[in-house]
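Working notes, beginning with the structure itself.
Both counts, for ligands and for their atoms, begin at 1 and track the order of listing.
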Amino acid sequence: MARNKDQSPPRFRGPIGHCSAEELRAALTWPPPGTGRLSTRLAGSLRELIRGGGLPSGTGLPPSRSVAAALRVSRGVVVTAYDQLITEGFLDARQGAGTWVGTAIETPPGPPPSAPAPVARPGLPDLGDFPRSRWLAAYRHALSSMGSADLGYGDPRGHSGLRTELAGHLRRTRSAVAEADGILIINGVAEGLALLADVLLDSGRATVAVEDPASPGARDLLARRGLEVVGIPVDEAGMDVARIKSPERLGAIFLTPAHQYPTGVVLSPERRRALIELARRHDLVLIEDDYDGSFRFDREPVGCLQGLASDVTVLLGSVSKTLAPALRLGWLIGPRALQERLVERRVITNLAGQTVDQLALAHLLRSGTYDKHVRQMRRTYHARRRELIVELANKAPNVVVCGDSSGLHLLAEVPSPAHERVVLSVLRADGFAVQGLAECRLGGVSGRTSGLVIGFASLKSAALTRLADLVGQVCSGTGPVADF
Ligand SMILES: Cc1ncc(COP(=O)(O)O)c(C=O)c1O
């Protein structure tokens with residue numbers, strides 16, 4: 001339709017074209033599905049027809065009397081359905097001009113967006129061992145014991161019942177400096193990183209140093225949130241702090257001290273001291289991702305960095321490795337001034353957390369059930385890690401396993417980038433959750449070493465054997481590896 005001289009949108013004066021009662025009857029889903037009042041169901045069918053583009057904007061509808069005759073219903077049914085859709089804006093009507101499809105209707109949407117491609121996550125716990133009945137019992141306990149007031153929005157930091165239990169738990173198991181009042185309950189480490197990125201951006205300190213290699217998920221989240229990410233190499237003692245060349249440019253350093261992701265090394269005491277000194281001198285925030293710190297197998301878990309320097313460190317953790325990522329329950333403890341800004345930020349995006357789930361976790365912690373589950377899983381994962389190492393040693397002797405005896409994944413060095421690419425596609429085609437070391441490097445490039453990040457937590461004996469067989473077939477063959 002031509003525009004007026006002043007380019008303002010044309011005013012709609014009445015219906016464009018008409019559809020007859022018979023055409024409408026043919027186009028409608030009739031009789032309409034479901035139960036309930038016929039007028040409501042007729043309104044539903046008409047709404048769907050309009051939304052799907054079957055009746056374009058401006059199309060004139062037949063008078064209610066003729067629609068009623070065509071559908072063999074009383075006129076009142078059609079009048080009520082028309083009125084309902086006029087109230088909602090799907091139809092317009094004017095005295096003397098009839099009823100037509102509203103002008104504010106959006107054009108029919110395209111096909112729904114396809115699901116994002118699944119990401120290989122080698123660090124998943126064995127989800128088949130999720131303690132369903134214990135969680136159910138804890139959930140029931142939470143619901144039956146919480147007061148009505150607890151069903152409101154509550155404290156934006158999370159329920160004090162969970163914060164109190166977590167404070168004790170983190171002091172005891174992670175040597176953290178933790179008080180209930182200083183904990184913020186978050187929807188997993190990912191939410192904590194998003195909040196930190198926002199606060200750093202707000203304060204104009206938009207550059208963060210990250211370990212290289214690192215978890216692509218965590219690193220990309222910081223970058224997508226708007227931070228500039230610079231990589232600092234990792235060696236057998238963790239992040240090489242001496243390679244941080246311009247600390248004055250940084251707002252924060254993000255790292256995984258207890259069990260570096262993906263190499264599995266532990267940050268050495270010297271590097272811990274150097275990092276803390278650097279942070280204090282340049283007013284930097286150390287963001288400590290304590291993602292699997294509870295799973296150290298042959299020795300006591302390494303205490304967290306935050307326990308040494310709570311004035312400059314933000315500790316992040318979650319139950320994603322100990323229970324399940326689907327619970328989306330995590331915690332954050334930062335220096336007081338920063339913590340207050342993080343809580344303010346959280347309130348902008350989310351008024352409160354899921355209190356019933358929080359109270360269920362509090363119950364698991366208080367009753368000792370959580371610790372018992374972690375102990376059980378530690379034994380299981382330790383056994384699987386040992387078995388994988390033996391299988392790899394037998395079937396792929398030129399593959400070198402790196403890192404500390406802990407966590408839910410291990411890094412296995414392979415002879416070359418070509419081996420990495422081939423073995424990755426072979427293992428993925430067989431359904432294994434594996435990552436390539438190149439994917440974990442900033443820029444996705446191959447480095448001095450090549451390797452596979454293998455999640456072993458949910459692999460039983462047969463799967464561990466199969467995996468080692470496949471790695472052995474690719475890596476122990478003689479001659480060059482053909483890429484595909
Ligand atoms: C390095 C690292 N940090 C943290 C997490 C956990 O994130 P969340 O607590 O948001 O589930 C993961 C999960 O895969 C991870 O690999």
Hey, does [X] come in under 3.5 Å of ligand 1, counting only N/O atoms on both sides?
X	answer
Gly188	no
Val189	yes
Thr256	no

How far does CG of Leu315 sit from CG of Asp289, to the nearest 0.5 angstrom?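 Reported value, rounded in 0.5 Å steps: 9.0 Å.
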Protein contact of [atom] - nearest heavy atom, named by residue and atom, plus distance:
atom	value
atom 5 (C) of ligand 1	Tyr291 CB, 4.2 Å
atom 14 (O) of ligand 1	Lys321 NZ, 3.2 Å
atom 11 (O) of ligand 1	Ser320 OG, 2.6 Å

Check each of Gln435, Glu211, Arg219 against Tyr261 using the side chain to side chain donor-acceptor pair (under 3.5 Å) test, and report the only one that passes.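 One option only clears the test, and that one is Gln435.
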Among side-chain atoms of Tyr381 and Gln376, is any donor-acceptor pair under 3.5 angstrom?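 Note: Tyr381 and Gln376 side chains miss the donor-acceptor criterion.
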For [X], counting its heavy atoms only, list the atoms of ligand 1 lying under 4.0 Å from any of them.
X	answer
Arg328	8 (P), 10 (O), 11 (O)
Ala190	10 (O)
Ser215	1 (C)
Asp289	1 (C), 2 (C), 3 (N), 4 (C)

Salt bridge flag under 4.0 Å for residues Glu277 and Arg281: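 Salt bridge between Glu277 and Arg281, a charged N being under 4.0 Å from a carboxylate O: yes.
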Ring centroids only, cut at 6.0 angstrom: are His169 and Tyr370 within range, meaning strictly under it?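 Yes, they do, as the ring centres are separated by less than 6.0 Å.
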If you count heavy atoms of other groups shown closer than 6.0 angstrom to CZ of Arg243, is the number above 12?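 No, not enclosed.
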Beyond-backbone contact of Leu193 with Phe254, side-chain heavy atoms, under 4.5 angstrom: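 Touching, per the 4.5 Å side-chain cut-off.
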